2 protein chains.
Amino acid sequence: MGNMMAKPKILVVEDEASIRKIVQTYLESAGFSVTCVDNGRDALTLALSNPPDLVVLDLNLPGMDGMEVAARLRESSDVYILMLTARGEEADRVAGLRLGADDYLTKPFSPREMVARVEAILRRQRDVGGSRQDHTLRFAHLVIDLDRHEAVVAERPLDLTVTEFQVLWALAASAGRVLTRDQLLTQVWGSSFYGNDRVVDVYVGQVRRKLQEQSDAPMIETIRGIGYKFVDPKQT
Amino acid sequence: MGNMMAKPKILVVEDEASIRKIVQTYLESAGFSVTCVDNGRDALTLALSNPPDLVVLDLNLPGMDGMEVAARLRESSDVYILMLTARGEEADRVAGLRLGADDYLTKPFSPREMVARVEAILRRQRDVGGSRQDHTLRFAHLVIDLDRHEAVVAERPLDLTVTEFQVLWALAASAGRVLTRDQLLTQVWGSSFYGNDRVVDVYVGQVRRKLQEQSDAPMIETIRGIGYKFVDPKQT
DNA sequence: GGCTGCCTTACCGATTCATTACAAATCCCA
DNA sequence: TGGGATTTGTAATGAATCGGTAAGGCAGCC
């Protein structure tokens with residue numbers, strides 16, 4: 001789908017231009033939004049004004065040491081940190097971990113592995129937050145279950161694509177309230193979607209069609225000039 | 001565990017003093033009650049006299065091996081275990097340990113990550129409602145026994161490798177709910193796996209093939225764009 | 001050396017995506 | 001009330017993405 005979620009932002013802090021360039025290239029082609037700086041001071045400034053999701057941080061920096069940068073970053077936020085170091089002493093490794101680096105690569109490293117590490121760190125971040133709630137929306141004839149990823153109308157399962165499902169979920173979760181196209185775009189397509197908002201109309205249309213194939217209650221209303229609204233037919 | 005409000009007790013078994021210290025510090029500041037030992041024998045004694053809620057266990061211990069400690073712990077109790085291993089530990093042992101541990105991390109690991117994992121394991125325990133007693137999953141045509149490490153479809157045993165078994169177990173244990181590739185990676189391959197998530201597809205494919213050689217009910221559904229879901233054919 | 005199991009890679013077909021263009025509906029004001 | 005302007009519905013389309021799977025490299029083990 002291009003991008004359902006915003007591109008994770010990554011800040012690369014590395015003084016050696018050649019390495020910096022490689023890291024940037026690989027990360028960008030892996031779909032990340034990358035910013036580079038070559039010293040610790042700029043890193044801190046930038047991290048404050050525009051917090052990244054993860055920092056790739058060289059340990060050996062001119063001026064402010066990588067360790068200190070890490071410590072400072074951690075003071076003010078909980079960014080994830082991937083440390084880069086020269087082939088190194090045990091002492092460094094331990095100290096690096098104590099300061100809370102989330103992973104660690106020794107130079108020379110394979111760029112692909114570096115990307116893999118970055119992805120793994122971000123992946124974990126997403127996973128751990130999962131305390132279970134009831135992820136189910138229930139209406140008169142419609143039940144939407146996020147965990148099963150299943151929507152059922154009048155006992156019949158709907159065959160929805162991911163995007164269609166998300167559109168339906170977004171609307172149903174705000175049942176009774178109007179959602180503008182922009183709100184739907186943000187909720188479903190993510191805040192960094194630069195496409196045409198007519199895509200919302202197309203998907204609403206598709207969801208409507210599939211809903212009506214199974215049940216004739218029109219559950220998604222068009223609010224002209226504004227957006228769409230889900231209404232539970234039994235209610236109202 | 002009794003009281004949810006009581007600090008969970010954690011036993012750390014690690015021979016390297018520096019790592020032990022870091023682990024202890026981080027866990028304590030996360031609000032756990034921590035005890036440390038540096039060898040397997042003490043670990044077992046202590047675990048018997050004062051059973052912890054979770055054990056953080058190094059795989060490479062002098063004297064009694066971490067694997068053996070895990071096995072002994074499991075014999076007498078249901079403690080949760082978080083394994084620590086060195087990177088590049090032989091694939092085989094790592095595969096084996098997945099069966100005994102609830103999660104594992106490869107060194108060098110991020111202390112924050114470690115704490116997050118510990119919390120996740122304990123939370124999972126609460127969510128499921130306590131004991132991990134049922135080491136057997138039963139469905140219409142499929143029975144999976146974790147202790148015997150055996151899966152039987154329509155009376156016929158399945159010849160699964162360790163990884164295949166784990167994948168099937170993970171899916172079946174969440175029967176009806178979708179698991180993303182990331183979730184499967186974490187549950188089966190551990191939280192520090194830096195590979196490609198397509199490996200999930202490959203293994204799901206293999207399990208499917210073996211299942212269908214014995215029974216024609218398709219039990220693993222693909223949820224395009226999300227992941228996979230186990231469905232009991234008799235149900236639903 | 002042959003076996004087995006793990007993980008990666010690459011290819012291909014099928015599905016899904018976002019855009020576009022045009023038709024239909026609605027609005028608004030003369 | 002009519003007609004032009006605006007908004008929405010939707011079919012069609014090429015491009016992008018996704019998932020199945022065969023093949024192969026690698027490592028440990030007998």
Side-chain angles (χ1 to χ4, degrees), chain A residues 1-5 29-31 110 112-113 115-116 119-120 149 158-168 178-182 184-185 188-190 192-213 218 220-229, chain B residues 87-99 106 149 158-168 171 178-182 184-185 188-190 192-213 218 220-229:
Chain A
M1 167 169 346
N3 60 35
M4 289 238 333
M5 281 193 217
S29 70
S110 124
R112 326 188 88 226
E113 186 178 6
V115 171
E119 284 172 339
H149 207 263
L158 284 179
D159 183 27
L160 302 175
T161 69
V162 188
T163 309
E164 289 161 3
F165 186 90
Q166 283 177 301
V167 167
L168 177 58
V178 191
L179 290 182
T180 66
R181 288 189 178 71
D182 277 350
L184 281 166
L185 273 186
V188 176
W189 280 264
S192 59
F193 175 81
Y194 295 118
N196 193 316
D197 68 1
R198 294 301 311 279
V199 74
V200 173
D201 300 51
V202 174
Y203 275 90
V204 166
Q206 248 148 346
V207 173
R208 274 180 176 153
R209 180 173 53 73
K210 293 189 178 178
L211 278 171
Q212 272 161 353
E213 280 169 8
I220 303 180
E221 288 181 0
T222 301
I223 310 298
R224 183 166 237 268
I226 310 279
Y228 297 94
K229 176 168 84 169
Chain B
R87 188 171 280 165
E89 202 88 40
E90 308 97 272
D92 218 39
R93 300 189 72 199
V94 172
L97 88 82
R98 288 197 211 122
L99 292 174
T106 55
H149 200 250
L158 281 178
D159 183 27
L160 300 175
T161 69
V162 176
T163 308
E164 289 161 3
F165 183 87
Q166 291 277 104
V167 168
L168 178 57
L171 284 167
V178 188
L179 292 181
T180 64
R181 288 186 179 70
D182 281 351
L184 281 166
L185 275 185
V188 175
W189 280 265
S192 40
F193 172 80
Y194 294 115
N196 192 311
D197 66 2
R198 294 303 310 278
V199 73
V200 173
D201 300 50
V202 174
Y203 274 90
V204 166
Q206 251 147 352
V207 173
R208 272 181 176 153
R209 180 172 54 73
K210 293 189 178 179
L211 278 171
Q212 273 162 351
E213 279 169 9
I220 304 180
E221 286 182 2
T222 302
I223 310 297
R224 191 170 228 269
I226 309 275
Y228 297 94
K229 176 165 83 169

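What you see is a predicted model, and the numbers here were worked out from it, not measured in a lab. Note on naming: letters A, B, ... go to the chains in the order of the sequence lines (proteins, then strands), and numbering restarts at 1 for each one.
- Proximity note for A/Thr222 (side chain, C-beta onward) versus D/dT8, D/dG19, C/dC17: the nearest is D/dT8.
- For A/Ile220 against A/Arg208, the heavy-atom pair with the smallest separation is O-NH2, 3.0 Å.
- Remark: P of C/dC7 and CD of B/Gln206 are 11 Å apart, rounded to the nearest angstrom.
- Counting to the nearest Å, the P atom of C/dT16 and the CD1 atom of B/Ile223 are 11 Å from each other.
- When each of D/dT10, C/dA18, C/dT9 is scored by its nearest atom to the side-chain atoms of B/Val202, the top-ranked nucleotide is C/dT9.
- Within 4.0 Å of A/Arg112, counting heavy atoms only, lie sugar-phosphate atoms of the nucleic acid but no base atom.
- For D/dG20, the OP1/OP2 oxygens have a side-chain nitrogen or oxygen of B/Arg208 closer than 4.0 Å.
- D/dG9 atom P lies 14 Å from atom CG of A/Asn196, rounded to whole Å.
- The residue among B/Glu164 and A/Glu164 whose nearest nucleotide of DNA chain C is located toward the 5' end is B/Glu164.
- One atom, CD of A/Gln212, and another, P of D/dG9, lie 12 Å apart when rounded to the nearest Å.
- An OP1 or OP2 oxygen of D/dG20 is reached within less than 4.0 angstrom by a side-chain nitrogen or oxygen of B/Tyr228.
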Problem set entry | Criterion side chain to side chain contact (heavy atoms under 4.5 Å, CB included) on B/Phe193 and B/Val188, from CA distance to verdict | CA-CA 10 Å; B/Phe193 172 80; B/Val188 175; over 6 Å; no
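- Closest approach to the A/Thr161 side chain among C/dG5, C/dT8, C/dT16 is made by C/dT16 (side chain taken as heavy atoms from C-beta onward).
- Between B/His149 and B/Phe165, the angle of the ring planes lies from 30° to 60°, which puts this pair in the tilted group.
- Remark: the backbone N or O of A/Thr161 is paired with a side-chain donor or acceptor of A/Glu164 at under 3.5 angstrom.
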For this session: Mind running side chain to side chain contact (heavy atoms under 4.5 Å, CB included) on B/Tyr194 and A/Val115 for me, showing each step along the way?
Result: CA-CA 9 Å; B/Tyr194 294 115; A/Val115 171; over 6 Å; no
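- Ranked by how close their nearest DNA chain C nucleotide is to the 5' end, B/Phe193 and B/Asp159 are led by B/Asp159.
- Across A/Leu184 and A/Tyr228, no two heavy atoms sit closer than the pair CD1-CD1, 4.3 Å.
- Closest contact between the side chain of A/Val162 and the listed nucleotides C/dC17, C/dT19, C/dC7 involves C/dC17.
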Problem set entry | Protein-to-nucleotide contact annotation, 5' to 3' order, nucleotides 21-30 of chain C [B base; S sugar-phosphate only; - none; under 4.0 Å, heavy atom] | ----BBS---
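- As a whole-Å value, the separation of B/Ile220 CD1 from D/dG20 C1' is 13 Å.
- In terms of phosphate contacts, A/Arg181 brings a side-chain nitrogen or oxygen within less than 4.0 Å of OP1 or OP2 of D/dT8.
- Distances shorter than 4.0 Å separate some side-chain N or O of A/Tyr203 from OP1 or OP2 on C/dA18.
- Rounding to whole angstrom units, CZ of residue B/Phe165 and P of C/dG5 are separated by 15 Å.
- The one candidate from A/Gln206, A/Glu213, A/Gln212 that meets the side chain to side chain donor-acceptor pair (under 3.5 Å) condition with A/Arg209 is A/Glu213.
- Proximity of B/Trp189 to the phosphate of C/dC6: no side-chain N or O atom is located under 4.0 Å from OP1 or OP2.
- With rounding to whole Å, B/Leu160 atom CG is found 10 Å from C/dC6 atom P.
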For this session: Report the C-alpha distance between B/Gln166 and B/Leu160 in whole Å, list the side-chain angles of each, state the deciding distance to 0.1 Å, and finish with yes or no for side chain to side chain contact (heavy atoms under 4.5 Å, CB included).
Result: CA-CA 9 Å; B/Gln166 291 277 104; B/Leu160 300 175; over 6 Å; no
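- Taking atom CG on B/Asp182 and atom C1' on D/dC18, their separation rounds to 15 Å, with Å as the unit.
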